[in-house]
Structures are given as C-alpha cells and as structure tokens.
Amino acid sequence: MLPDNPTLEQYLAYATDLANRGAAAFAAASDDDALEAARIQFLGDKRGELLVLQKGLGALPPDARRDAGRAFNEAKTTLNAALDERRTSLRSATPSGPRLDLTMPARERWRGGKHPITLVIDEIVAIFRELGFTVALGPESESEWYNFGSLNFPADHPAMDLHDTFYLGEGALLRTHTSPVQVRTLQKYPPPIRILAPGTVFRRDPFDASHAPAFAQLEGLAIDEGISFVDLKSTLTVFARRFFGPSTKTRFRPSYFPFTEPSAEMDVECRLCGGVGCSACKGTGWMEIMGSGMVHPSVLEAAGIDSERFTGWAFGMGPGRIAMLRYGLPDIRLLYDSDVRFLAQVAE
Ligand code: DAH
C-alpha cells in the first residue's frame, strides 16, 4: 500500500513495485477472463491501483512532483504495454485461441442425383426421341376396360393371371401395365403416332430378388399407314445397339400377348458373359429385355382407329430390369432402398 503522505522515495519504490506486479499479473493471465480481472485490478477506472498511484501525486510536496509524475507515467506505460502484449499473445495462441480447426477437410455434401431407374428411362427416351417418339403419360388408377378390355383380354382369359392386381372397386384398379396408355393416346390423337409411355405399374407379386409389387414399365407405340414387322425389328435393334453397344446381338422369339399379333420377346446377348452362358442368363447366353408385337386390329378398333388403313407395333419393357443389367445389380429390392450410399454410386 502507498502510505497516506509518502516521501518521494516511497512513491518511486511503490510505482516500480506496482508496475512489476501488474506486468507479471498480465503475463500470467491464462485466458481472456483472467486478463480482464487483472486489468480491472491495475487499470480499472474506479479503484484500479494505477488510479490510486495517480491520486497519491497530490499528497507529495510540490518539489517532488516532477520526478514522481515521471515515475507514474512510466508505470502507466509499462502496464498498458504488458496488457497489450498479453492480449495479442492470447489471441494467436493455441489451444486457448479460437477452438476451430480450420485445416480439417469439410464434410462432403450429398448433392442429390437421379435414381438408376430414372437414368435408364431418360436414356431410352433420349434414344427414341431421335427416332421421332414423344412421351405420353396415363393414370396409375385405371379402369378395367382400359387395362384389359380395350387391350383384347377376353374376360377370364388366363393371360390375366399374370396381371393379378389391386382392385379399387367399381371397375377401377391399379394398372398392371403401361399398355392402357396406347389406347388412351390413340383415342386422343390421330395417327401417325409415335410415343413412349414410362410409368409405375402394380401387380400382386411377392417382393423378392426379382419381383416388386410396384415397378416401372416403359411402353412404346408406333402407328401409321404401311407399318410392318420390319419396322418393329429394325427400330428395336437400333435401340438395343444404341443402348447396349454397337455390336450387340439381338433375337426375337415368338410369344403371346392378347394385344399384339404376332407377338415376340426380344432378347439381347447376355451383357455379363458375352453369350457364352452364365448364371445371370441361366446358361442361355441371352437376356430378355422386352415384349413386343404388331398391334392387334381389335385394339385399334377399340380406340376408334380404322385397322384396315393403319397398322403399328408396340413394346413394353421394365426399366428396373434394364437397370439391373446395366449396373450389375443382384437384387431388384436395391432399387427400392433409399440408402444414399447405394444411390450415390450411379448418381449423375
Ligand atoms: N404389357 C405387357 C406386360 O406388362 C408388356 C408388353 C408386351 C407391352 C408386348 C407391349 C407389347 O406393348 O407389345 O406384360
């Protein structure tokens, strides 16, 4: 403590001691809070020790004030310098500086991407667009007539067994295929018609490695005067070569659908074994990619089109199956999984 009426010697000694204690306290402050407490103790506006030293000047004899004033100023300068120095060193110090590691790599952002089925549909649509096809859509809740009757399914025909579905009551059901979009489009627009109809269809199928009760289909339809099976084969072969590669081999096998006559399944050479035969193609060397055929005259008539004047062909395929071929997926259920780690592998 500074005595009430100090001598010059006492004042000078006290000023030196104060400056030393203050500078040491600032230097020892371990964080901003400790430094602020020390600042208030020594440099505080109301009861700071430096203020007491300043007031002590007035109690000195007049001839001592010049030397004492200089000592006071020195103490003040020393304290302020020590305070500034510690402030600066605390700011740049680690680890008690800002607790952020700015060198840590940022977490990568999931930017979103298209689902493999959407990628396949987009690609097929782009190929057929060059051949003059546009996209048409139809409702997922469909009438029995559009789903079956207009497509030449006789009532109780065994072909309907494959199309067991979810009935919504009053002749309404969840469509089992995209083929009803053929009739809806033909009713609305006069030929020539070239459309693709992608969409979701529903069947009472188990959910297993190769089936799902709701899945994507892609329908194609071309109607005009003078269209023959040659157009069907050549267009679908061009498509297969564009989609799977220029040297892709294709074959057509006779089949049956109520709405086409004749009907054919189209196969492409197995993508995995190159036609030698493997487990994916069940040893045949071929993979079935779609059903197709010449549109049955009674489908055209059901849609109000003159079947003597117009002919055409159609196909239906499963983009999910195609995505499995393209991306080598072992289980169709992966396509219904929202695990972004799976989706990110093919995302574009
Ligand atoms: N609608 C058929 C199905 O879901 C697929 C199909 C086969 C569509 C032949 C066609 C076609 O347009 O010509 O099984």
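None of these values were measured; they are calculated from a predicted model. Sequential numbering from 1 along the given sequence is applied to the chain's residues. Both ligands and their constituent atoms are indexed starting at 1 by order of listing.
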Pair R86, S89: side-chain N/O donor-acceptor within cut-off below 3.5 Å: yes
For Q217, the ligand 1 atoms with a heavy-atom partner under 4.0 Å come out as 3 (C), 4 (O)
heavy-atom search around atom 3 (C) of ligand 1 in the protein gives R203 NH2, 3.6 Å
Would you check if the side chain of T260 reaches a backbone N or O of S263 as a donor-acceptor pair within less than 3.5 Å? no
Counting only nitrogen or oxygen atoms and a 3.5 angstrom limit, does T176 reach ligand 1? no
Got a donor-acceptor contact below 3.5 angstrom from the Y11 side chain to the L53 backbone? yes
Any idea which atoms of ligand 1 are less than 4.0 Å away from a heavy-atom of Q182? 12 (O)
Ligand-residue contact atoms, ligand 1 with G293, heavy atoms, under 4.0 Å: 13 (O)
Side chain or backbone, does G220 bring an N or O within less than 3.5 Å of an N or O on ligand 1? no
Polar atom proximity, F257 to ligand 1 (N or O, under 3.5 Å): no
Touching ligand 1 at all, W313? Heavy atoms, strictly under 4.0 Å? no
Identify the closest protein heavy atom to atom 5 (C) of ligand 1: which residue and atom is it, and at what distance? G316 CA, 4.1 Å
Just to verify, which of N20, L43, D84 counts as forming a side chain to side chain contact (heavy atoms under 4.5 Å, CB included) with L79? L43
For atom 13 (O) of ligand 1, what's the nearest protein heavy-atom neighbour? Residue, atom name and distance, please. A314 O, 3.1 Å
among protein heavy atoms, the one nearest atom 2 (C) of ligand 1 is F259 CZ, 3.7 Å
For ligand 1, which atoms have a heavy atom of T260 less than 4.0 angstrom away? 13 (O)
With heavy-atom distances below 4.0 Å as the criterion, list the atoms of ligand 1 near S179. 1 (N), 8 (C)
Protein heavy atom at shortest distance from atom 12 (O) of ligand 1: E219 OE2, 2.6 Å
